[in-house]
*Asks:* 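Dropping a structure here in structure tokens format, bear with me for questions.
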Amino acid sequence: MNFSYEVKKVCKQSGARIGVFHTPHGDIETPVFMPVGTQATVKGLRPEDLKELNAQIILSNTYHLYLRPGADIVAKAGGLHKFMNWDRPILTDSGGFQVFSLAKLRKISPDGVEFSSHISGEKHFMTPEKAIDIQNKLGSDIIMAFDICSNYGDSHKEAEKSAEITRQWLERCYAVQKNENQMLFPIIQGNFYMDLRKKCIQDCIPYAKCGIAIGGLSVGEPKELMYKILDEMRPDLPENMPRYLMGVGSPDCLLEGYARGIDMMDCVLPTRIARNGTAFTRHGKLVIKNAEFAEDFRPIEDDCDCYTCKHYTRAYLRHLIKAGEMLGGELLSIHNLRHLTKLTEQIKQAIWEDRLLDFKEEYLKDYKI
RNA sequence: GUGGGUAUAGCGCAGUUGGUUAACGUGCCAGAUUGUGACUCUGGAGACCAUGGGUUCGAGUCCCAUUACUCACC
């Protein structure tokens, strides 16, 4: 097998882990935050920028690349890594979440999902087999099972039905996944019902060879509820592989997630809010486009080591955002992503020192959520 | 010089045959954003309807004058 995971350290205070995940495109130290590059690009950033801010792995997306430019074109280009000039690991989401977020356009059956392209409107039918085949062609290192992400507020009966289809789909994904250079992560669903969550974990374990994902969280529920679900799932999760909490990534969620034994997270939040003029800081969000920064000639954060903070002022960034200049979103994305990779580095240090819970408490004391 | 047209938020404009708190876009101000359909979404402030008269129960809407801008012709 071309993948393995070693736990290097377990924090005595929280049980959070430090580990190394070996992949065909290099090692990933966990815990890790993964920037999202849906359309084979982290919006506005070059691979060099991502490396400079210590991004070890990035996400891309099956649904989007399937519709455009098409998996065959990416395969012809020599695979996603070569196509986008990124030689570190890539994880592709299966498109399950798009089925959920583009709900208006889709029809789910046990066989698969019929949906209309948001680009052309033409009809497509996605199945677990197809989702794996596309990801094989893309050549990402970590591939995700095709799943159904149920809605917050769904009844137990609805959630159970989605979970059961997800289980069947996982079986089918596994049956066709043959590529040894790609690791298939099952996705635990089960909505906000603990009995379903526990059953989903058991459904996933036989198929979890070197990694397991938690899906269906951060879909509109209170954060406390998400943390509670994580706490209750935790004892049932396998220890010997990375645990990936999908789609979660504000600074406070990173802390809370890692402290609950999560090893991998991804989120569009840092890059999305960046494009809309907001920066992460040690003390909470800074809406850099606000008038109060018009004559503020300090960097976003004095002690930040990112390219943006080393060279640009709040006033300039505000100007760029207000003027609709693309550089504004790019520079803020660099800062926000660096903020999360740096926070992850600090958390790792606290894990080594067996003081993650102390660190979390100190951090959140000065952090406005 | 002669004749015509237009004056409504910072800017661009809508306001039906005169009828309750003057619409929209943009800009401004502020919120939101968590496996990206995202330079997006949601709110808010901002107008003595060019000025002065007049008609009318009632005028941004009709009449007169003034001013500014603008077009055509000489």
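Below, chains carry the letters A, B, ... as their sequence lines are ordered, and counting in each starts from 1.
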*Asks:* Reading RNA chain B 5' to 3', what string of ( ), [ ], | and . shows its pairs, if Watson-Crick and G-U wobble pairs count only when both distances fall under 3.5 Å?
*Replies:* (((((((..(((......[....))).(((((.......))))).....(((((..]....)))))))))))).

*Asks:* Counting only heavy atoms and a strict 4.0 angstrom limit, can you tell me which residues of residues 246-264 of chain A come near RNA chain B?
*Replies:*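 A:M246, A:G247, A:V248, A:G249, A:S250, A:C253 - these, ordered by number, are the residues of the stretch whose heavy atoms sit under 4.0 Å from the strand.
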
*Asks:* Which letter, B, S or -, goes with each nucleotide of nucleotides 24-33 of chain B from 5' to 3', with contact meaning a protein heavy atom under 4.0 Å?
*Replies:* ----SSSBBB

*Asks:* Among residues 125-135 of chain A, which ones have heavy-atom contacts with RNA chain B below 4.0 Å?
*Replies:*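 Under 4.0 Å from RNA chain B: no residue of residues 125-135 of chain A.
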
*Asks:* Might you list the N or O atoms of the protein lying below 3.5 Å from N or O atoms in nucleotides 43-45 of chain B, with each pair's distance?
*Replies:*
none

*Asks:* Please list, chain by chain and in numerical order, all residues satisfying side chain to side chain donor-acceptor pair (under 3.5 Å) with A:S4, sequence neighbours excluded.
*Replies:*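 By the side chain to side chain donor-acceptor pair (under 3.5 Å) rule, A:S4 matches no residue at all.
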
*Asks:* Among all residues two or more places apart in sequence or in another chain, which pass the side chain to side chain contact (heavy atoms under 4.5 Å, CB included) test with A:S150?
*Replies:*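 Partners of A:S150 by the side chain to side chain contact (heavy atoms under 4.5 Å, CB included) criterion, ordered by chain and then number, come out as A:D154, A:S162, A:N191.
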
*Asks:* Going by heavy atoms closer than 4.0 Å, what residues in residues 24-45 of chain A are next to RNA chain B?
*Replies:*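 Going residue by residue through residues 24-45 of chain A, the ones with a heavy atom under 4.0 Å of RNA chain B turn out to be A:V36, A:T38, A:K43.
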
*Asks:* Which residues within residues 202-238 of chain A lie with some heavy atom under 4.0 Å of an atom in RNA chain B?
*Replies:*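 Residues of residues 202-238 of chain A that come under 4.0 Å of RNA chain B are, in numerical order, A:G216, A:S218, A:K223.
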
*Asks:* Under the rule for side chain to side chain donor-acceptor pair (under 3.5 Å), what residues qualify as partners of A:R314, not counting sequence neighbours?
*Replies:*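 By the side chain to side chain donor-acceptor pair (under 3.5 Å) rule, A:R314 matches A:D296.
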
*Asks:* Please list residues of residues 153-185 of chain A whose heavy atoms come under 4.0 Å from any atom in RNA chain B, ordered by number; otherwise none.
*Replies:*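 When residues 153-185 of chain A is checked for heavy atoms under 4.0 Å from RNA chain B, there are no hits whatsoever.
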
*Asks:* For residues 345-356 of chain A, which side-chain donor-acceptor pairs fall under 3.5 Å, sequence neighbours excluded?
*Replies:*
{"residue": "A:E345", "atom": "OE1", "partner": "A:R338", "partner atom": "NH2", "Å": "3.1"}
{"residue": "A:E345", "atom": "OE2", "partner": "A:N54", "partner atom": "ND2", "Å": "2.7"}
{"residue": "A:E345", "atom": "OE2", "partner": "A:R338", "partner atom": "NH1", "Å": "2.9"}
{"residue": "A:K348", "atom": "NZ", "partner": "A:E29", "partner atom": "OE1", "Å": "3.2"}
{"residue": "A:Q349", "atom": "NE2", "partner": "A:E353", "partner atom": "OE2", "Å": "2.7"}
{"residue": "A:D354", "atom": "OD1", "partner": "A:K9", "partner atom": "NZ", "Å": "2.9"}
{"residue": "A:D354", "atom": "OD1", "partner": "A:K12", "partner atom": "N", "Å": "2.8"}
{"residue": "A:D354", "atom": "OD2", "partner": "A:K9", "partner atom": "NZ", "Å": "3.0"}
{"residue": "A:R355", "atom": "NH2", "partner": "A:E362", "partner atom": "OE1", "Å": "3.4"}
{"residue": "A:R355", "atom": "NH2", "partner": "A:E362", "partner atom": "OE2", "Å": "3.2"}

